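Below: one structure, written as structure tokens.
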Amino acid sequence: MGDAVNIAEDYWGAQFKASGQQFRPIRRIVPYQREGEVACGGQALPRNNAVYCSRGDFIAYDVNWSVAAFRQVGDAFVFYLLGHEYAHGIQARLGIRSNFTIQQELQADCMAGAYLGDSVRSGVLKLDTGDLDEFREGLLAVGDDPDQPWFAEGSHGTAEQRTDSFFRGYENSLDACDLG
């Protein structure tokens, strides 16, 4: 997780600097192992999750779930996971608010794709054979149930929507992410 955090901080620092803005990294990354071990705004975080908590300006992730994803999908997916949550922190810094959760989530997928694609193109990050397939496989695993209404609180998008958003950012950088 450390490499992913360092690359994300360097990437977003350069993006902010290029736009003449001051960058403030996410305050901390908090691993946890049990439900309720970490709270955000007084609400206990569940197992099998990773979240950005704007109230404390931190990313928390279930270590066991992340390790299982690493083993099942591969190491590249950990970079996506951190990139997606870091993107929520960037949304907060930029004051981006959406009417529906799904808009915020799909934008974060796009931003994670941009961070990874730009990092690969600049040579900061090297993908191994199969890593793009790992991103695709991981995104397919985290899509919403097809029966979930898109407007429901907590909707992240179908597997296809999430994959499309990620690869749009990966291929076209932040211009594809509608940062306004």
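Predicted model, so just to flag it, every value in this text is computed and none were measured. Values reported hereafter were calculated over all heavy atoms of this structure, with side chains retained and with hydrogens, waters and symmetry mates removed.
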- prompt: If you look at every heavy atom in Tyr115 and Ala4, which pair is closest and at what distance?
  reply: OH-O, 3.2 Å

Residues in salt bridge (charged side-chain N to carboxylate O under 4.0 Å, His left out) contact with Asp62, at least two apart in sequence or another chain: none

message: How long is the straight-line distance from CG of Leu116 back to CD1 of Ile7, given to the nearest 0.5 Å?
response: 8.5 Å

query: Got a second to check how far Glu160's CD is from Leu140's CG, nearest 0.5 Å?
result: 9.5 Å

- prompt: Looking only at heavy atoms, which two atoms of Gln33 and Arg47 are closest? And how far apart?
  reply: O-NE, 4.4 Å

query: Under the 3.5 angstrom rule, does the side chain of Asp109 hit a backbone N or O of Ser165 as a donor-acceptor pair?
result: no

query: Just wondering, do Tyr11 and Val124 contact through their side chains at under 4.5 Å, heavy atoms?
result: no

message: Is the shortest side-chain heavy-atom distance between Asn99 and Phe151 below 4.5 Å?
response: no

- prompt: Between Phe100 and Trp150, is the ring centre distance below 6.0 Å?
  reply: yes

task: Without swapping roles, check the side chain of Arg28 against the backbone of Ile59 for a donor-acceptor pair under 3.5 Å.
output: no

- prompt: Less than 4.5 Å apart, any side-chain heavy atom of Glu134 and any of Asp75?
  reply: yes

message: Restricting to non-hydrogen atoms, name the atom on Val142 and the atom on Arg162 that form the minimum distance, rounded to 0.1 Å.
response: O-NH1, 2.9 Å

- prompt: Is Leu125 reachable from Ile29 through a run of hydrophobic residues whose side-chain heavy atoms are each under 4.5 Å from the next?
  reply: yes

- prompt: Can you list the steps and then say if Phe58 with Val38 is a side chain to side chain contact (heavy atoms under 4.5 Å, CB included)?
  reply: CA-CA 11 Å; Phe58 66 87; Val38 176; 3.8 Å; yes

- prompt: Between Trp12 and Ile26, is any pair of side-chain heavy atoms under 4.5 Å apart?
  reply: no

message: Can you tell me how far apart OG1 (Thr158) and CG (Asp144) are? Round to the nearest 0.5 Å.
response: 7.5 Å

Atom of Asp57, atom of Pro25 and distance for their closest heavy-atom approach: OD2-O, 3.8 Å

task: Apply side chain to side chain contact (heavy atoms under 4.5 Å, CB included) to Leu81 and Trp65, showing your working.
output: CA-CA 11 Å; Leu81 188 66; Trp65 176 69; 3.7 Å; yes

Polar side-chain atom of Ser155 near backbone of Pro149 as donor-acceptor pair, under 3.5 Å: yes

field: Centroid-centroid distance, Phe77 to Phe135, less than 6.0 Å
entry: no

message: What's the separation between atom CD in Gln91 and atom CG in Leu179, rounded to the nearest 0.5 Å?
response: 8.0 Å

message: For residues Tyr170 and Tyr86: do they belong to one hydrophobic cluster (side chain heavy atoms under 4.5 Å, members Ile, Leu, Val, Met, Phe, Trp, Tyr)?
response: yes

- line: Applied to residues 22-65, the disulfide bond (SG atoms under 2.5 Å apart) test, sequence neighbours excluded, yields Cys40-Cys53

message: Could you check whether any side-chain heavy atom of Met111 comes within less than 4.5 Å of a side-chain heavy atom of Leu174, counting everything from C-beta outward?
response: yes

message: Do His156 and Gln161 pair up side chain to side chain, a donor and an acceptor below 3.5 Å, judged on atom types alone?
response: no

- prompt: Please, which pairs that meet disulfide bond (SG atoms under 2.5 Å apart) have at least one residue in residues 131-180, sequence neighbours excluded?
  reply: Cys110-Cys177

message: Is there a side-chain contact between Gln104 and Arg97 in this structure, where contact means two heavy atoms from C-beta onward sitting under 4.5 Å apart?
response: yes

message: Looking at every non-hydrogen atom in both residues, tell me the closest pair between Ala114 and Ser173 and how far apart they are.
response: CB-C, 3.6 Å

statement: Distance col, row His88:NE2 vs Ile96:CD1, nearest 0.5 angstrom, shows 11.5 Å

field: Glu37 side chain to Tyr32 backbone, donor-acceptor under 3.5 Å
entry: no

Test log, rule ring-ring contact (aromatic ring centres under 6.0 Å, His included), inputs Phe166 and Tyr80: CA-CA 9 Å; Phe166 174 84; Tyr80 156 76; 5.8 Å; yes

field: Glu85 to Ala50 - nearest heavy-atom pair and separation
entry: OE2-O, 2.9 Å

Straight-line distance of Leu45 CG to Arg34 CZ, nearest 0.5 Å: 13.0 Å

message: Test side chain to side chain contact (heavy atoms under 4.5 Å, CB included) on Tyr61 and Val78; report intermediate values, then the result.
response: CA-CA 11 Å; Tyr61 68 97; Val78 173; over 6 Å; no

task: Give a yes or no on whether Arg27 atom CZ has more than 12 heavy-atom contacts from other residues, nucleotides or ligands under 6.0 Å away.
output: yes

task: Tell me, with the steps shown, if Glu105 and His84 meet side chain to side chain contact (heavy atoms under 4.5 Å, CB included).
output: CA-CA 8 Å; Glu105 296 298 338; His84 175 91; 2.8 Å; yes

query: Any link between Phe16 and Tyr52 through a network of hydrophobic side chains (Ile, Leu, Val, Met, Phe, Trp, Tyr) touching at under 4.5 Å?
result: yes

